[in-house]
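When reading the values below, keep in mind they use all heavy atoms of this one structure, side chains included, and skip hydrogens, waters and symmetry mates.
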Amino acid sequence: MLRNVIVPVLHLTSDRMFRLALTACILVVAWGAVPNPKTANQILDAIIERANEKIRDVNWDDFKKIQNGETEFNLGVSSSNGDSETGEDFKITNAKMTGILLDRSKSAEFLENKTVLSGILKLTNTRAIADYEIQFPGSGEVEGHTVKGTLTEKADHLFADVEIKLDENLVPQAISNFEVRSGRDELESSSGLNANWSKVDIAGIRSSLLQLMKTVFSTNVKVKVNQAIQEWKSEASS
């Protein structure tokens with residue numbers, strides 16, 4: 001026999017709906033964290049999650065300042081007497097890097113009877129943004145001058161091939177290898193550069209900015225990954 005069932009209707013304010021949605025998001029994040037990771041992917045994902053927490057703690061997920069730098073390289077100069085090369089000083093200031101949050105690329109794997117974890121970390125859509133100055137000393141008919149502007153170099157992906165030592169309980173112990181490489185990159189925006197610059201010249205500038213981002217990955221970001229590993233190791237031994 002069917003009976004009438006009274007279903008209560010909830011009248012939710014916009015604030016209440018927001019808080020419910022936020023709670024749901026927190027639960028989704030919590031479900032993504034495996035409490036006792038055992039597979040290669042689970043262990044690497046847990047390291048990444050801890051490292052990203054430490055990256056957020058210092059606001060690098062917003063941006064990280066890059067150390068100002070100076071590079072000298074040769075640029076081609078055209079003159080009536082033929083092409084020549086001159087040594088130019090390329091300086092950057094007010095530099096910063098964006099897009100610093102780690103993710104896993106492809107599947108991780110165990111090596112050497114599960115004593116080593118091998119995987120690939122990646123950063124996506126990282127950018128080096130900087131003011132620059134290039135001083136031309138002059139050569140032949142070309143007078144010395146200075147070019148200034150702002151550059152943005154973008155890397156679609158930066159990768160780090162990593163190997164991490166594990167103990168008999170699959171607890172991470174230390175980084176044994178951390179090799180950084182880049183995917184596709186481009187000079188996304190620039191000011192001060194004109195059509196007279198050769199592709200080789202632009203490539204030299206891009207290479208300098210790309211190397212700065214790779215250095216941040218191989219040093220600063222690596223430190224956060226190591227901190228995540230040492231934190232896990234300490235917790236496991238306590």
Novice: If we ignore hydrogens and angles and just use 3.5 Å, is the side chain of Asn169 paired with the main-chain N or O of Val171 as donor and acceptor?
Specialist: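 Side chain of Asn169 to backbone of Val171, a donor-acceptor pair under 3.5 Å: no, none is there.
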
Novice: At what distance, to the nearest 0.5 angstrom, does CD1 of Ile164 lie from CG of Leu111?
Specialist: 11.5 Å

Novice: Is the shortest side-chain heavy-atom distance between Arg104 and Leu121 below 4.5 Å?
Specialist: no

Novice: Between Leu209 and Leu151, does the side-chain contact (heavy atoms from CB on, under 4.5 Å) criterion hold? Intermediate values first, please.
Specialist: CA-CA 9 Å; Leu209 292 173; Leu151 300 170; 3.9 Å; yes

Novice: Would you name the heavy atoms of Ala155 and Leu210 that are closest together and state the gap between them?
Specialist: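 For Ala155 and Leu210, the tightest heavy-atom pair comes out as CB-CD1, 4.1 Å.
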
Novice: Go through the steps for Arg181 and Lys214 under the test side-chain contact (heavy atoms from CB on, under 4.5 Å), then give the verdict.
Specialist: CA-CA 7 Å; Arg181 54 188 171 86; Lys214 291 169 67 175; 5.5 Å; no

Novice: What closest approach, in Å, do Ile48 and Leu102 show between heavy atoms, and which atom pair accounts for it?
Specialist: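 Of all heavy-atom pairs spanning Ile48 and Leu102, the closest is CG2-O, 3.5 Å.
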
Novice: Measure the acute angle between the ring planes of Tyr132 and Phe90, then classify it against the limits of 30° and 60° as parallel, tilted or perpendicular.
Specialist: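 Ring orientation of Tyr132 relative to Phe90: tilted.
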
Novice: Below 4.5 Å, heavy atoms only, C-beta onward: do Gln173 and Gln230 meet side chain to side chain?
Specialist: no

Novice: Got a salt bridge between Lys224 and Glu53, using NZ or NE/NH1/NH2 to carboxylate O under 4.0 Å?
Specialist: no

Novice: Please name the pair of heavy atoms, one in Phe159 and one in Ser105, separated by the smallest distance, quoted to 0.1 Å.
Specialist: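 It is CE2-OG, 3.7 Å.
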
Novice: Please report the shortest heavy-atom distance between Ile66 and Val216, naming the atom on each side.
Specialist: CG1-CG2, 4.4 Å

Novice: Tell me, do Ser190 and Thr152 make a side-chain contact under 4.5 Å, heavy atoms counted?
Specialist: no

Novice: How many angstroms lie between NZ in Lys38 and NZ in Lys114, if you round to the nearest 0.5 Å?
Specialist: 9.0 Å

Novice: So among Val223, Thr215, Val221, which one has a side chain to side chain contact (heavy atoms under 4.5 Å, CB included) with Thr219?
Specialist: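 Testing Thr219 for a side chain to side chain contact (heavy atoms under 4.5 Å, CB included) against Val223, Thr215, Val221 leaves exactly one candidate, Thr215.
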
Novice: Name all residues meeting the side chain to side chain donor-acceptor pair (under 3.5 Å) criterion together with Asn94; count only those two or more places apart in sequence or in a different chain, and write none if there are none.
Specialist: Asp131

Novice: Is the shortest heavy-atom distance from the side chain of Thr146 to the side chain of Glu133 under 4.5 Å?
Specialist: yes

Novice: Is Lys106 atom NZ crowded by more than 12 heavy atoms from other residues, nucleotides or ligands, each under 6.0 Å away?
Specialist: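 Not more than 12 within 6.0 Å, no.
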
Novice: Looking at Phe63, does the NZ or CZ of Lys96 lie under 6.0 angstrom from its six-membered ring centre and within 45 degrees of the ring axis?
Specialist: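 So Lys96 does make the cation-pi contact.
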
Novice: Drop me the distance from Met97's CE to Leu123's CG, to the nearest 0.5 angstrom.
Specialist: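 Answer for the CE-CG pair, Met97 versus Leu123, is 5.5 Å.
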
Novice: Please check: side-chain N/O of Asn41 versus main-chain N/O of Ala108, any donor-acceptor pairing under 3.5 Å?
Specialist: yes

Novice: Could you give me the CA-CA distance, side-chain angles and deciding distance for Leu212 and Ile92, then say whether side-chain contact (heavy atoms from CB on, under 4.5 Å) is met?
Specialist: CA-CA 11 Å; Leu212 285 174; Ile92 66 167; 3.0 Å; yes

Novice: Just wondering, do Val162 and Asn177 contact through their side chains at under 4.5 Å, heavy atoms?
Specialist: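 Asn177 vs Val162: side chains apart.
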
Novice: About how many Å separate NZ of Lys148 and NZ of Lys91, when rounded to the nearest 0.5 Å?
Specialist: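 The distance works out to 9.5 Å.
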
Novice: Could you point out which residue of His157, Arg206, Arg127 forms a side-chain hydrogen bond (donor to acceptor under 3.5 Å, both in side chains) with Asp185?
Specialist: Arg206

Novice: Can you give me the closest heavy-atom contact between Asp61 and Ile55, atom names plus distance?
Specialist: N-CG2, 3.8 Å

Novice: To the nearest 0.5 angstrom, please state how far the CG atom of Asn226 sits from the CD1 atom of Ile47.
Specialist: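 Rounded to the nearest 0.5 Å, the CG-CD1 separation comes out at 10.0 Å.
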
Novice: Strictly below 4.0 Å, N to O, side chains only: are Glu235 and Arg50 in salt-bridge contact?
Specialist: yes

Novice: Shortest non-hydrogen contact from Met213 to Leu158?
Specialist: CB-CD1, 3.9 Å

Novice: Hydrophobic cluster membership, with links at side-chain heavy-atom distances under 4.5 Å among I/L/V/M/F/W/Y: are Leu166 and Ile120 in one?
Specialist: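 No; tracing contacts between hydrophobic side chains, which count when under 4.5 Å, never links both residues.
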
Novice: For side-chain contact (heavy atoms from CB on, under 4.5 Å), just list the numbers for Phe110 and Val116, CA-CA rounded to whole Å, side-chain angles, deciding distance to a tenth of an Å, and then say yes or no.
Specialist: CA-CA 6 Å; Phe110 293 124; Val116 175; over 6 Å; no

Novice: Does a side-chain heavy-atom distance below 4.5 Å link Phe217 with Ile100?
Specialist: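 No, too far: nothing below the 4.5 Å cut-off.
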
Novice: Donor-acceptor check, side chain of Gln211 to backbone of Ser208, threshold 3.5 angstrom: yes or no?
Specialist: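 Not confirmed, Gln211 side chain does not pair with Ser208 backbone.
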
Novice: Heavy atoms, side chains only, cut-off 4.5 Å: are Leu101 and Arg56 in contact?
Specialist: yes

Novice: Can a donor-acceptor pair be found, under 3.5 Å and without considering hydrogens, that links the side chain of Asp167 to the backbone of Leu170?
Specialist: yes

Novice: Are more than 12 heavy atoms, taken from residues, nucleotides or ligands other than Lys165, located less than 6.0 Å from that residue's NZ atom?
Specialist: no

Novice: Would you indicate whether the side-chain heavy atoms of Glu153 and Glu186 approach each other to under 4.5 Å?
Specialist: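 The answer is no, as the side chains (C-beta and beyond) never meet within the 4.5 Å cut-off.
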
Novice: In Å, rounded to the nearest 0.5 Å, how long is the span from CD of Glu112 to CD of Glu163?
Specialist: 7.5 Å

